[in-house]
There are 2 protein chains.
Amino acid sequence: MVPVPRQQGSRTERRREETRRRIVTAAGHLFSLQGIDSTTMEQIAAEADVAKGTLYSHFPAKEAIIESLVQQRFRDRHQLRLDRLHNLPDTRARLVLVLGELMEGVRSQPDLFEKYLASRIRTVVSLRPQESTGSGLRLLAAEIIRLGQRGGEVRTDLPDELLCDLFEFVFVEAAKPFYLAPGEFDAAASISRSADLFLRATRPDPAGSD
Amino acid sequence: MVPVPRQQGSRTERRREETRRRIVTAAGHLFSLQGIDSTTMEQIAAEADVAKGTLYSHFPAKEAIIESLVQQRFRDRHQLRLDRLHNLPDTRARLVLVLGELMEGVRSQPDLFEKYLASRIRTVVSLRPQESTGSGLRLLAAEIIRLGQRGGEVRTDLPDELLCDLFEFVFVEAAKPFYLAPGEFDAAASISRSADLFLRATRPDPAGSD
DNA sequence: ACCAAAAATATACGTAGTTCAATGATGTCC
DNA sequence: GGACATCATTGAACTACGTATATTTTTGGT
């Protein structure tokens, strides 16, 4: 019989997990310090104090590290956001809250946002059927939609996928003015318009209205 | 005073223009033959019979060649599409027509579509204020919107930019099912749903309706 | 204590996109 | 018509991603 070292929750596994986190953290540090593109894999390896090969034993490519970083940052605040969502009266308020918080993230790390969107596109186009569900963003969107549908504010005759995509779209739209003119960026107005657009597009048919 | 060789319409300029076209054509050829990613800049240079450096004197990066190719392909059919647009009765018909035609392009060259979207994101995010207006796609969208507004079907209290973006979005949505399940792809249904979404979101306020 | 398996290391290498100093052709001016 | 300035063009060098491999270290089970 082969020994078959069953490793779940074992030290090896914890060690590996810790290394992985150290890599992601190091990457995040360097990214915010010098930008993503000018941060090399060797630098990340040095900062995380591992060999280059180790990076590739954990992540197939640089892009994967970026995705992982985004996911991690999302997870950090996810529960908190969910809780706040449930304390709000209607979909519009929920949209405004979430869009506002997301905007903060966008402002602090624009290039991370860019890479996130780029990788989203790839998962859509390059025949990967929603492998990693993107990140917490879509979970958040799904929750807003679910609550909205329950309250009768959001139509239920469209695929959830589509509604999530629409949320993502209005999020990008809300962030756009920031990029084009960061100085005179009126976040509140931009967000409000995005929320409107979303509500308009997803409002139930007025056919059977009172 | 400095000599300042004014070169417009001169031989050098014609030569340069021709070289540029040869590059784009060569790229297009190789792309459709072996895919974009597996086509190297060296191959493009060889096919166009120029040195590698020449590529970069015409285009700042590989991405720029791709954009140029997309633009060129769009321009080829642009006038024809515009004409057809004007012969249709309402916005819905125009959307369905244009989305249908675009879908053909997507089907024939999926990776080109992917790269187009990726570069669109970069122009939004990377502080380039709509430098090249994307491609003919946005011109087409703008025309549909203009006609729709003239006919009172599309609201006029939103920036044209936003409406174009929304068109782009519903276009991507329409194309998505094709990527996820190319076999059972019902183009007509997908397009119809996208058109609906667009009309819903851009319909004028029912406040002052009759 | 010993052994097998897995993780991490160090290093060299292939590849492809991008840069740059030098070269050559073209148009202008005297 | 010749010299000079201005570009387009060249191709070699550079950078960074990703791969491969031989070696060492750590871990888990017997």
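These numbers come from the heavy atoms of this one structure, side chains and all, not from hydrogens, waters or symmetry mates. Predicted model, so just to flag it, every value in this text is computed and none were measured. Every chain is numbered from 1 and lettered A, B, ... according to where its sequence line falls, protein lines coming before strand lines.
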Whole angstroms only, please: what is the CZ-P distance between Arg22(A) and dA7(C)? 15 Å
Parallel, tilted or perpendicular: which fits the ring planes of Phe169(A) and Phe169(B), with parallel below 30° and perpendicular above 60°? parallel
Those residues of residues 25-48 of chain A lying under 4.0 Å from DNA chain D by at least one heavy atom: Thr39(A), Thr40(A), Met41(A)
dA7(C) phosphate, OP1 or OP2, under 4.0 Å from Ser57(A) side-chain N/O: no
Base-contact (B) and sugar-phosphate-only (S) positions in nucleotides 19-24 of chain C, heavy-atom cut-off under 4.0 Å, - elsewhere: B-----
To the nearest Å, give me how far apart CD1 (Ile23(A)) and C1' (dA8(C)) are. 10 Å
Whole Å only: how far is the CD atom of Glu17(B) from the C1' atom of dC7(D)? 15 Å
N/O (side chain, His58(A)) to phosphate O (OP1/OP2, dA8(C)) under 4.0 Å: yes
Test applied, side chain to side chain donor-acceptor pair (under 3.5 Å); reference residue, Glu143(B); option that passes from His86(B), Arg94(B), His78(B): His86(B)
Crowded around Glu42(A) CD? As in, over 12 foreign heavy atoms under 6.0 Å? no
Measure CZ/Arg14(A) against P/dT27(D) and give the value in whole Å, please. 10 Å
Is there side-chain contact between Glu173(B) and Glu161(A), with heavy atoms separated by less than 4.5 Å? no
Mark yes or no for whether Ser190(B), through its side chain, and Ala174(B), through its backbone, hold a donor-acceptor pair below 3.5 Å. yes
Starting at CZ of Phe59(A) and ending at C1' of dC17(D), how long is that distance when rounded to a whole Å? 16 Å
Does Arg15(A) make a side-chain N or O approach to OP1 or OP2 of dT27(D) shorter than 4.0 Å? yes
When every non-hydrogen atom of Ile44(A) is compared with those of Thr39(A), the smallest separation belongs to CG1-CG2, 3.8 Å
May I ask you to evaluate whether Thr12(B) reaches the phosphate of dG27(C), defined as a side-chain N or O under 4.0 Å from OP1 or OP2? yes
Separation of dA5(C) atom P from Glu13(A) atom CD, nearest Å, is 19 Å
Would you tell me if any nitrogen or oxygen in the side chain of Arg16(B) comes within less than 4.0 Å of OP1 or OP2 on dT9(D)? yes
Please name all residues satisfying side chain to side chain contact (heavy atoms under 4.5 Å, CB included) with Gln149(B), sequence neighbours left out, ordered by chain then number. Ile145(B), Val154(B), Thr156(B), Asp160(B), Leu163(B)
Of the nucleotides dG11(D), dC17(D), dA8(C), which has the atom closest to the Lys62(A) side chain? dC17(D)
Donor + acceptor pair across side chains of Gln109(A), Tyr116(A) (<3.5 Å): no
Rounded to the Å, how far apart are Asp49(B) CG and dA8(D) C1'? 15 Å
Less than 4.0 angstrom from a charged side-chain N to a carboxylate O is my criterion; do Arg122(A) and Glu63(A) meet it? yes
For the side chain of Ala51(A), starting at C-beta, report the closest nucleotide among dT10(D), dT9(C), dT18(C). dT9(C)
